[in-house]
Asks: 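Just passing along the structure, written as structure tokens.
Bear in mind the structure is a predicted one, so any value in this text is a computation, not a measurement.
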Amino acid sequence: MSTRHGTALVTGASSGIGAAYAGRLAAAGWDTVLVARRAQRLDDLAGRLREETGTTVETLVADLSDPDDLTRVAERAAGEDIGFLLNNAGINGYGPFAELEPDLMAKVLTVNVVAVTALTRAVVPAMLQRGRGTVVNVASQLAFAGSLPPGPLPQRAVYGGTKGYVVTFTRTLAAELAGSPLRVQVLCPGLTATEFHRSRGEAPVAGREQTVHDEGGMPVDQVVDASLAALDAGQVVCVPGLDDPAPVEALAQAELTLRTTAGRGRV
């Protein structure tokens with residue numbers, strides 16, 4: 001390792017939150033492994049980070065919906081140098097559920113659920129053995145929008161379901177690891193100024209330069225700021241733009257009430 005921090009592996013690093021987060025980590029002294037489907041964009045980002053920060057930057061061109069590619073990335077994630085994992089890669093597959101193409105549905109489930117789980121499983125044992133490490137899994141505020149109708153929200157049954165999984169998985173894992181030195185966070189941004197809505201996920205957005213979808217949203221740097229601040233504060237659930245933690249605390253209390261009340265059974 002050429003830095004005191006070690007190496008951060010960032011998926012979905014070719015644009016948006018992933019690229020911004022990779023830049024912030026490199027500026028803080030982390031070497032990085034950048035994972036995405038677009039080789040040219042990865043090469044451009046890697047060159048810029050090397051020049052600006054002097055850190056070591058690797059690129060892994062991979063489609064996390066492909067089992068062989070996912071295995072290859074998981075093997076790198078299990079490396080002894082990986083001290084930070086950002087599971088940011090995700091695709092949306094928006095559209096009416098009854099019309100959702102089976103191949104695209106499978107891709108959404110694999111990238112948003114299977115890859116997140118597999119890569120987290122790859123890094124956690126080594127992090128526990130070393131006594132340090134950070135895992136940030138990117139979900140979405142749409143994880144909390146299950147009963148709200150489309151318009152202006154997207155038709156999102158599968159996407160919202162996968163992000164609901166990421167929230168529950170990460171919170172439960174954080175509880176399991178509460179006595180360890182690992183930091184675990186689920187990052188739940190709302191609409192963010194990226195190109196995410198310009199593709200359903202069948203293929204990445206074309207072109208060398210990053211773009212922003214027409215809907216706009218919160219700047220990516222503010223999302224990264226919120227995540228890093230929440231890590232410093234020891235917060236498991238980070239919702240950028242939410243200054244008052246009361247809603248998150250109320251959610252946990254509501255869950256406790258549901259479990260304890262239902263557990264009593266009928267009298």
Asks: Which pair of heavy atoms, one from Gln210 and one from Ala19, lies closest together, and at what distance?
Replies: NE2-CB, 3.8 Å
Asks: Tell me if a side-chain donor or acceptor on Asp63 pairs with a main-chain N or O of Arg37 at a distance below 3.5 Å.
Replies: no
Asks: CZ of Phe196 to CG of Asn92: how many Å apart, nearest 0.5 Å?
Replies: 4.5 Å
Asks: Using a strict cut-off of less than 4.0 Å between a Lys/Arg side-chain nitrogen and an Asp/Glu carboxylate oxygen, indicate whether Arg76 and Asp81 qualify as a salt bridge.
Replies: yes
Asks: Looking only at side chains, do Thr192 and Thr194 share a donor and an acceptor under 3.5 Å apart?
Replies: no
Asks: Dump the intermediate steps for salt bridge (Lys or Arg N to Asp or Glu O under 4.0 Å) on Glu101 and Arg200, then the final yes or no.
Replies: CA-CA 11 Å; Glu101 303 91 323; Arg200 297 175 69 217; 3.0 Å; yes
Asks: How about Asn88 and Thr11: does a side-chain donor come under 3.5 Å of a side-chain acceptor?
Replies: no
Asks: Determine the interplanar angle of the Trp30 and His5 rings, folded into 0 to 90°, and report it as parallel if under 30°, tilted if 30 to 60°, perpendicular if over 60°.
Replies: parallel
Asks: Ignoring hydrogens and angles, state whether a donor on the side chain of Ser14 or Arg41 is under 3.5 Å from an acceptor on the partner side chain.
Replies: no
Asks: Can you confirm whether the side chains of Ser65 and Lys107 place a donor and an acceptor under 3.5 Å from each other?
Replies: yes
Asks: Side-chain donor-acceptor pair under 3.5 Å between Gln185 and Ser227, yes or no?
Replies: yes
Asks: Within a reach of under 6.0 Å around CZ of Arg50, are more than 12 heavy atoms found that belong to other residues, nucleotides or ligands?
Replies: yes
